[in-house]
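To start, the structure itself, in structure tokens.
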Amino acid sequence: MRLDVEEARSLAMRALSAIGHSAEHAQITADHLVDAALRGVTFGGLPRILAIAERMAKYPDRRRPIRVVHETPVSAQIDGGDNVGYVVAQQATKLAIAKAKESGIAVVGAIDTYYTGLFAYYVEMATREGLVAMAAGNGSPMVAPHGATEPRFSTNPIAFGFPTTGDPVIWDIGTASIMQGEVMMHMRLGESLPDGMAFDSAGRPTTDPVAALAGAVRVWGGHKGSGLAAVVQLLGVLCGTEAMPEGLEGFGYFVLVIDPALLGPADTFKSRTATFAEAVRGARPEASGSPVRMPFDRSAAERRRRLVEGVEVPDVVCASLETLCKR
């Protein structure tokens, strides 16, 4: 089903409100999910509300106000109060941006949260202020290290953002071969996973998303990706999480924000970054002739297009969300 931006945001907010989110938290989360849909990341858009609803139904409601538990001029630790990560990470990022604008650099760690969404969303917040940012997050095990079939890592996203004189340069990846949201989307649509992505609970290769959720998915990038996944897991520990949080709770979010003016003229940095980005785009393509892109080029172009054309939401997802709205 195709929805325009306001229709998508309204549906998201109604569904989030119906499952117990305040108007403020529903709006923050809905804005993030609609932005994901605009970028073409369908599994990270409105379908995520169904996963949030399932998680809230599975666990007792122990939400508490988000609060800063430790703070310095250049750092803070935030207790997320078991609130959804879309809200917790946004607050953590805003605090890091404010501190970096004041002191030049800031690091903020948040704990006791879950489902944080697209990390590109948060580092883009910093680039809009002319700042450089890195964000990473850990969680409960569902990804097998390279050479293993049992989960030890979460999907462990990591993102970097750099301001330029035009669109920012943003690199955002998950360190799993397939993200949990994608596995759940295949399950909701009754589709098999691609070959070679996952193991069942006995360690056998599987394309069944239900079996994969009970087992493990492969890490991205072989031994190199496995090393990066371990690093992200430990950045979550640096925030104050358990090494391997159990269940869909206790996740960590780490964000580092830097004012490029700490190391030289900020305008020079932005113009050099833009020049570099254009040089990469102008590199001679392979025989296929496909143009060379910088990270975030596709997302920025898709967002501009979908702001006009609207977003696609699977019919089964729309129907399920409308059912939630009737609660």
Side-chain angles (χ1 to χ4, degrees), residues 9-36 44-71 76-98 108-119 121-122 125 135-142 154-157 179-181 184 213 235-255 317 320-321 323-327:
R9 183 177 287 110
S10 174
L11 176 58
M13 288 188 63
R14 287 189 292 116
L16 288 162
S17 297
I19 60 174
H21 289 270
S22 68
E24 179 189 9
H25 286 193
Q27 180 174 350
I28 291 170
T29 304
D31 286 348
H32 188 129
L33 298 177
V34 171
D35 190 68
L46 271 62
R48 205 60 171 164
I49 299 171
L50 302 178
I52 295 170
E54 290 162 358
R55 192 270 185 191
M56 293 180 70
K58 182 178 179 180
Y59 292 87
D61 186 356
R62 60 180 190 87
R63 285 176 292 173
R64 309 175 307 283
I66 301 166
R67 63 190 183 95
V68 175
V69 295
H70 178 71
E71 188 171 19
Q77 184 190 41
I78 290 177
D79 179 348
D82 200 43
N83 289 282
V84 71
Y86 299 97
V87 177
V88 176
Q90 188 193 74
Q91 183 165 320
T93 304
K94 283 185 172 181
L95 181 57
I97 289 170
V108 175
I111 58 173
D112 201 10
T113 187
Y114 67 98
Y115 287 161
T116 310
L118 301 186
F119 281 46
Y121 187 89
Y122 306 113
M125 289 169 57
N138 73 349
S140 51
M142 70 166 292
S154 187
T155 53
N156 289 6
M179 298 301 283
Q180 183 194 44
M184 296 179 77
L213 290 169
L235 286 173
V237 175
L238 181 63
C239 296
T241 73
E242 297 292 334
M244 293 189 294
E246 296 183 7
L248 288 172
E249 57 186 345
F251 291 17
Y253 172 76
F254 173 92
V255 60
V317 171
S320 297
L321 291 175
T323 298
L324 284 181
C325 293
K326 294 174 183 177
R327 285 186 178 182

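Put simply, the side chain of H32 does not reach to within 4.5 Å of the side chain of I28, judged on heavy atoms. For the pair I49/H21, no side-chain contact is recorded, criterion being any heavy-atom separation below 4.5 Å from C-beta on.
Proximity of a side-chain donor or acceptor of N83 to a complementary backbone N or O of R64 within less than 3.5 Å is detected. In this structure a side-chain-to-backbone donor-acceptor pair under 3.5 Å is missing from Y121 to Q90. Between the side chain of T116 and the backbone N or O of G85 there is no donor-acceptor pair closer than 3.5 Å. The backbone N or O of Q180 lies less than 3.5 Å from no partner atom in the side chain of T155, so there is not a single donor-acceptor pair.
Between A30 and M13 the shortest heavy-atom distance is CB-CG, 3.5 Å. Taking each heavy atom of A51 and M184 in turn, the nearest pair found is CB-CE, 3.7 Å. A pairwise comparison of heavy atoms in G109 and C239 identifies CA-SG, 3.5 Å as the closest pair. G250 and P245 get closest at one heavy-atom pair: O-CG, 3.4 Å. Of all heavy-atom pairs spanning A92 and V255, the tightest one is O-CG1, 4.1 Å. The two residues G236 and T241 make their nearest non-hydrogen contact at O-OG1, 3.1 Å.
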### Message
Go through it in stages, so that I can follow the logic: the residues are R67 and D112, the test is salt bridge (charged side-chain N to carboxylate O under 4.0 Å, His left out), and I'd like the CA-CA distance, side-chain angles, deciding distance and then a yes or no.
### Response
CA-CA 11 Å; R67 63 190 183 95; D112 201 10; over 6 Å; no
### Task
Take Y115 and F251, measure what ring pair (Phe, Tyr, Trp, His ring centres under 6.0 Å) needs, and give me the verdict at the end.
CA-CA 8 Å; Y115 287 161; F251 291 17; 7.0 Å; no
### Message
Y253 vs T93, test: side-chain hydrogen bond (donor to acceptor under 3.5 Å, both in side chains). Steps then yes/no.
### Response
CA-CA 10 Å; Y253 172 76; T93 304; 2.7 Å; yes
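Here the OG atom belonging to S154 is positioned 11.5 Å from the CE atom belonging to M244, to the nearest 0.5 angstrom. Taken to the nearest 0.5 Å, the OG1 atom of T113 stands 7.5 Å off from the CD1 atom of I66. Between the CG atom in L321 and the CG atom in L11 there is a gap of 5.0 Å [rounded to 0.5 Å]. Interatomic distance, CG of N138 versus CG of L238, reported as 10.5 Å (0.5 Å rounding). Summarising the geometry, atom OG belonging to S17 is positioned 11.5 Å from atom NE2 belonging to H25; distances are rounded to the nearest 0.5 Å.
Among residue pairs with one or both ends in residues 84-96, none qualify as salt bridge (charged side-chain N to carboxylate O under 4.0 Å, His left out); sequence neighbours excluded.
The side-chain contact (heavy atoms from CB on, under 4.5 Å) with R9 is formed by just one residue from the set D31, L33, D35, L46; it is D31.
Residue E242 qualifies as open at atom CD: its count of foreign heavy atoms under 6.0 Å is 12 or below.
Look at R55 and D82 and you find a salt bridge, because one of the NZ, NE, NH1 or NH2 atoms lies within 4.0 Å of a carboxylate O, short of that distance.
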